[in-house]
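Please read all numbers here as calculations on a predicted model, not as lab measurements.
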Amino acid sequence: QAQLVESGGGSVQAGGSLSLSCAASGYIHSAYCMAWFRQAPGKEREWVATIYSDGVTKYYADSVKGRFTIAQDNAKNTLDLRLNSLKPEDTAMYYCAVRRSRSPGYCRLSAGMEYWGKGTQVTISS
């Protein structure tokens with residue numbers, strides 16, 4: 001059974017950086033894709049970034065492209081997200097997710113992910 005645990009969240013000022021990590025266990029090596037999502041109070045869950053099983057193919061939401069970097073650390077068995085040049089609008093609960101089924105068109109959709117972590121809070125002040 002896949003299990004995901006996020007860490008690294010916290011409070012930082014605008015313009016700062018933060019590194020999030022998602023420790024994964026169970027079926028992680030057979031994942032078709034892994035992704036980060038975020039959700040602010042009163043808003044729908046938003047897709048942030050996705051990395052596919054080849055470890056090379058990556059996609060980012062327009063709102064974070066150029067500022068965030070997604071990567072997988074095989075040695076530590078983690079999914080990481082580096083957040084740079086943070087803005088107040090980046091404030092949200094950040095979740096990591098995994099999809100094992102090899103089907104196209106689902107790795108950027110919340111409904112397409114099969115396993116979820118409980119999230120880590122990121123708060124950016126002006």
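Of all heavy-atom pairs spanning Thr120 and Gly9, the tightest one is OG1-N, 3.1 Å. The minimum heavy-atom distance between Ala92 and Ala40, with the atom names listed, is CB-N, 3.9 Å. Taking both residues in full, the closest heavy atoms of Met113 and Ala35 are given as CE-CB, 4.1 Å, listed atom of the first, atom of the second, then distance. Smallest separation of non-hydrogen atoms from Ser17 and Val12: O-CG1, 4.2 Å. For the residue pair Cys22 and Leu4, the shortest heavy atom distance occurs at SG-CB, 3.7 Å. Of all non-hydrogen atoms in Arg102 and Ser53, the two that sit nearest each other are NH1-OG, 3.9 Å.
Between Tyr94 and Leu81, the closest side-chain pair of non-hydrogen atoms falls below 4.5 Å. Proximity of Asn77 to Gln72: side-chain heavy atoms (C-beta onward) are nowhere separated by under 4.5 Å. Looking only at side-chain heavy atoms (C-beta outward), Ile51 and Thr57 stay at 4.5 Å or farther from each other.
Annotation: cation-pi pair Arg82/Phe68 absent, no NZ/CZ under 6.0 Å from the ring centroid and within 45° of its normal.
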Candidate pair Glu89 and Thr91, rule side chain to side chain contact (heavy atoms under 4.5 Å, CB included), full reasoning: CA-CA 5 Å; Glu89 50 263 44; Thr91 295; over 6 Å; no
Worked verdict on Tyr95 versus Lys118 for side chain to side chain contact (heavy atoms under 4.5 Å, CB included): CA-CA 7 Å; Tyr95 302 89; Lys118 294 183 178 181; 5.8 Å; no
Working for side chain to side chain contact (heavy atoms under 4.5 Å, CB included), residues Leu20 and Trp36: CA-CA 10 Å; Leu20 306 183; Trp36 283 95; 3.8 Å; yes
CA sep, side-chain torsions, deciding dist, call: Tyr59, Tyr52, side chain to side chain contact (heavy atoms under 4.5 Å, CB included): CA-CA 9 Å; Tyr59 295 96; Tyr52 284 78; 3.7 Å; yes
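Taking the six-membered ring for Trp, Phe37 and Trp116 have ring centres closer than 6.0 Å.
Remark: Glu114 CD is packed, more than 12 non-hydrogen atoms of other residues, nucleotides or ligands lying under 6.0 Å away. In the displayed structure, Glu44 atom CD is contacted under 6.0 Å by at most 12 heavy atoms of other residues, nucleotides or ligands.
The closest side-chain donor-acceptor pair between Ser21 and Glu6, if any, does not fall under 3.5 angstrom. Of the N and O atoms on the side chains of Arg99 and Tyr32, not one donor lies less than 3.5 Å from an acceptor on the other residue. Residues Arg108 and Thr50 have side chains that never bring a donor and an acceptor to within less than 3.5 angstrom of each other.
Trp47 and Ile70 are not part of a single hydrophobic cluster, where members link through side-chain heavy atoms under 4.5 Å apart.
With Ser110 contributing its side chain and Arg45 its backbone, the two residues share no donor-acceptor pair below 3.5 Å.
Rounding to the nearest 0.5 Å gives a distance of 10.0 Å between CD of Gln13 and CD1 of Ile124.
Classification of Arg38 and Glu46 as a salt-bridged pair holds, one side-chain N sitting under 4.0 Å from a carboxylate O.
Listed by chain and number, the residues in a side-chain contact (heavy atoms from CB on, under 4.5 Å) with Asp73 are Ala75, Lys76, Thr78, Asp80 (sequence neighbours excluded).
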